[in-house]
Amino acid sequence: MNEARGLSIQITGVVQGVGFRPFVYATACNLALRGWVRNTNSGVEIAVDGSAAALERFVVRLKGDVPPLARIDQLQVAEIEVNGFEAFEIVASSETGQGFQPVSPDVSICPDCLAELFDPTDRRFRYPFINCTNCGPRYTIISDMPYDRPATTMADFMMCADCASEYSDPGDRRFHAQPVACPVCGPQIWFEPDGQRGEQALQATRRLLRDGKIVAIKGLGGFHLACDAHDSKVVQRLRAYKQRADKPFAVMMPDVEAVRRHCWVSEAERSLLESRERPIVILRHRPDSSVAEAVAPQQATLGVMLPYTPLHALLLERQLDIPEALVMTSGNPSDEPLVMSNQAAQSRLSPLADAFLLHDRQIEIRCDDTVASVYQRPDEAASIYPLRRARGYAPFPIRLPWEMPPMLGAGAELKNAFCLTREHHAFLSQHIGDLENYETLRSYETGIAHLERLFRIKPEVLVHDLHPDYLATRYVLDRAASEGLATLGVQHHHAHLSACIAEHAYPADRPIIGVIFDGTGYGTDGTIWGGEFLLGSYSGFERTHWLKPIPLPGGDTAVRHPWRQALAWLHTAGIHWEERMLCVQAASDRALDALEQQIEHGINAPLTSSIGRLFDAIASLAGVRQSVSYEAQAAIELEALVDGQEEGVYHFTLKDPVIDAAPVIAGLLRDYTANCAVGTLAARFHNGLAVMVRDVCQSIRRQHGIDVVALSGGVWQNTTLLDRAIPLLESAGFKVFIHRQVPANDGGLALGQVAVAHHSLR
Ligand SMILES: [Zn+2]
Ligand SMILES: [Zn+2]
C-alpha cells in the first residue's frame, strides 16, 4: 500500500461555468482520490489526498482532458499535509478578495441539448431555455464573480426538485450548470400583444413572420427584429423604420443545407457557421438565391448565421411553415444601442415591430452578434477574419506576452470597443457601436463599469485616441481629471499597427512595416491620415510613406458624398471638370463653384491622405455611387463589382515619401470614357493598390532592411484587396501578418492602444 500524500492545486484560466469542477470531481473519483474542489474568484482550487502515483496521474489528466469550453492559463501544484479526507466533494465557493478570472462567452446550443429539445420523451422537450455545462448563456447573465447562480440573472428562478437533483449529481451533465432550468421552474416565453405562452407563442410568431410582419424577438444578448427575408416589402418597411437605407441585414437560416441554396459555402465557412461561437459569416451570395435584393442591396455577399439558441432552433424548425431565411437584425432604433429589456423593447421598438416574442430571463449586459469573414492562407490554421467581435468571443481575453498594469484603452468613435488589461490578459469588450450620442455613450460607460467590476480591474492609465472630439477621448479626459489618473494619447494608425502585431504576440524589440489603410484617423500633424506606411513597433513609429494629402471639401459632407472627393482628386491631378463626368453631374453649378473655392483656398477642406476617401473618389468616377448612407458603402460596392479575371493595373507614382494617385485617376477616366466595364475598372484599381503596397514595402526594405509587414485599418476588411496584396508581398519575400482575433477596423483599435501604452510607459 502506497503511503498517502497531500496536494494543493490552484488553476487559473476559463475554468468557471464550463463544467470544470464536475470534470475535476469525476477525474478524482475515477482515481479514488479524496478531498475537495471549489471556485474562487481567481479560478479553481483543489485539495486532495491519495497515493503518489494516483496524484501524478490526476495532475496529468487535469491538464490534458479539460472540458471543451475550458482553457487553463496556469496550474500550480504544491505539496501539503495529508488531510485525511474521506471522500471527494465539491464545496462552496470562496471569495479571495482581489483575485479574478476570465468569464466564458455565451455558447450556442450543444448537440446533446439539441437532441433532448426534440425528444418527446425528455422532460425538456421543446423547452426554449434548455442548456448544460457545455452550452447556454454565460457572459450576458453574469452580474458578478465568482460565477454561481446567485450572481447571475438566473437567481430569480428557484430550481425545482428535478433540476436541483441534476444540478447536484456529479454524474449528470448538468452538474453545477448555473443556468439549469426546465419548463416547471425556469424562464418562459410569451407573445405580445395577446399574451399567448409557450408553443402558442412560437406558432403566433411564425404566423406573423409568414404573413410579412416584423417581430421583435428577445434573444441572448439583446433583441432582434425579424422578418421574412424573401419578402422585399417587409424588408423595405424595416429599412424605413430603422432609417437604414442600404446597409445590409443579416439573415438566419435553419442549417447549412439551406444556406447552400442561397450562398456558396467553402469547408472553412461551413465550419465557422457551425462552430459553437456561431457568428454571422459573410458568404458569397448566389445570383439564384430567393432572398430579396433589399436585404443586401448592391452586395456580392450575404451575412448568414445559424440558430444558436434553443428558441431559434424551435422557431426555425424544419417541416414547419416558416420562411427559410429570416432577417435577424439588431433590435434598436437608428443610432441607439441594442435594446435588452422587455420594457425598453415595448417603448423603443413598438414603432418598428408588429409584435413581440418575449421572455423573463433578464439580460445583464448587451452583446450583439459577431460578424466575420473567412480568409484562408495555406500556412495558417486560423481562417476567421473578424469584422465585428461580440457574442461567442467577448469577453474572452487576448493573451499578451507581457504582464501589464491595469489600463483602459478607450477605443475610437465608430465601431467602438474598449479594452481593459490585467496581468497577461487584454479583455477587449464586445462591439459597443458608434459613440455618436448620449445613449451609446451611456452604454459605453456602463459596459466599462461592468467589466471593471467583473474582472476586479481598477485602471491606473487611461489611453485615448489623439482625436480631441471623440466622445471616448472626452470620457477619458473627464474621468482622469476626476479620479486623478494618468492618461496617454496614442496615434490612431499606430494603434492599428500595434493591435495587429499584439494579437500575434509579436515581440516588442523588432520593428515592422505597418500598411495602415482606413477612412479617418487623426494624424500627429493635425491632418487626417488614412493611407500610411509606418515603420516601428509598440513603443514608437516613423511615418515613412503616405498617400498624397488632398483637400476633403466640406469635411464630413464629403464623406457622405463621394462625388466631392472625386472632384477634389481631379483638381489635384490637374484634370479639368467636364460635364460628361458623373461626379460633375452629381453636383449643382453652385456646389461646383463653392467646391472650387473650398479646394483652392483650403476653406473647410481639411487635408487627408485617406485610402478610404480614394476608394470613394474611384467609386464616384466609375459610376458606382455618388452618395452613401453608411460607412464605407462606396468601397464595399466597388469591391463587389471587381472582375476576378482582370489583370490590368492602374499604377501609382512613388516619389519618396509621397504616393500619388493622379495617374490612377487619369487611367480610370480614360477607361471609363472608352466604355470599359465597371468590373474592369474596379479590378484594375484593386490590382494597382496591391502593386503599390508591394512597391512601397520594397522601398522601405531597401532603406531599413525590414521584411515583415502588418496589414491593418478598416480598408483591409476588403478581402479582395487582401487576396491581391498578400501573394505579391509574399512572392517579394515579405512575411505578412493579418488580423485573426480582433477586427482590422476600429473595433480592434483599443487592443493596440493598450499595447502602445504598456511599452511607452515602461
Ligand atoms: Zn448543452
Ligand atoms: Zn426545473
Side-chain angles (χ1 to χ4, degrees), residues 14-26 65-71 103-142 147-150 152-190 197-199 219-221 254-255 273-279 305-317 359-362 367 391-393 396:
V14 180
V15 290
Q16 291 186 14
V18 292
F20 200 84
R21 285 173 305 172
F23 153 70
V24 172
Y25 176 89
D65 303 338
V66 296
L69 304 184
R71 190 174 76 175
V103 171
S104 167
D106 296 332
V107 183
S108 62
I109 182 168
C110 74
D112 290 340
C113 287
L114 196 64
E116 286 181 5
L117 183 67
F118 291 108
D119 174 0
T121 66
D122 193 273
R123 69 186 192 90
R124 291 188 182 83
F125 178 54
R126 306 191 68 81
Y127 178 57
F129 300 93
I130 187 169
N131 66 80
C132 71
T133 50
N134 291 329
C135 76
R138 297 290 187 276
Y139 179 45
T140 55
I141 60 165
I142 295 175
Y147 172 60
D148 272 328
R149 190 158 170 125
T152 72
T153 58
M154 285 303 292
D156 304 344
F157 301 92
M158 175 105 118
M159 272 184 254
C160 68
D162 287 340
C163 285
S165 97
E166 290 167 337
Y167 180 88
S168 52
D169 173 4
D172 195 280
R173 66 186 193 86
R174 294 194 170 85
F175 183 49
H176 283 249
Q178 305 304 342
V180 72
C182 77
V184 174
C185 66
Q188 303 292 337
I189 56 168
W190 70 93
R197 302 177 77 81
E199 211 57 44
L220 207 49
D255 50 32
L273 276 170
E274 292 186 327
S275 67
R276 62 172 172 253
E277 290 85 4
R278 297 270 161 110
M305 61 185 150
L306 297 184
Y308 56 84
T309 66
L311 180 61
H312 296 151
L314 291 168
L315 198 62
L316 277 86
E317 194 184 350
H359 65 70
D360 53 1
R361 188 177 68 202
Q362 272 181 60
C367 194
R391 176 182 52 76
Y393 299 89
F396 219 65

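Whatever order the structure lists ligands and atoms in, that order sets their numbers, starting from 1. Numbers here simply count residues along the sequence, with the first being 1. Computed over heavy atoms, backbone and side chain alike; hydrogens, waters and symmetry mates excluded. Fair warning: this is a prediction, and the values are worked out from it, not measured in the lab.
Legend: residues meeting salt bridge (charged side-chain N to carboxylate O under 4.0 Å, His left out) with R361, ordered by chain and number and at least two apart, are absent.
Counting only N and O atoms by type, the side chains of E277 and Y308 include no donor and acceptor under 3.5 Å apart.
In this structure, the side chain of R71 does not engage the main chain of P68 through any donor-acceptor pair within 3.5 Å.
Of all protein N/O/S atoms, those under 2.8 Å from the Zn ion (ligand 2) are C160 SG, C163 SG, C182 SG, C185 SG, and waters are not counted.
Of all protein N/O/S atoms, those lying under 2.8 Å from the Zn ion (ligand 1) come to 4.
Within the structure, side chain to side chain donor-acceptor pair (under 3.5 Å) pairs that include any residue of residues 105-114 comprise D106-T140 (at least two apart or interchain).
Summarising the geometry of S104 relative to R138, their closest heavy-atom pair is O-CB, 3.2 Å, with the distance given to 0.1 Å. Residue L69 comes nearest to N134 through the heavy atom pair CD1-O, 3.3 Å, listed as atom of the first residue, atom of the second, then distance. Residues Q362 and D156 share a closest heavy-atom pair of NE2-OD2, 3.5 Å.
Y25 has its side chain out of reach of H176: every pair of non-hydrogen atoms, C-beta onward, lies at least 4.5 Å apart. A heavy-atom distance below 4.5 Å is found between the side chains of D65 and F23.
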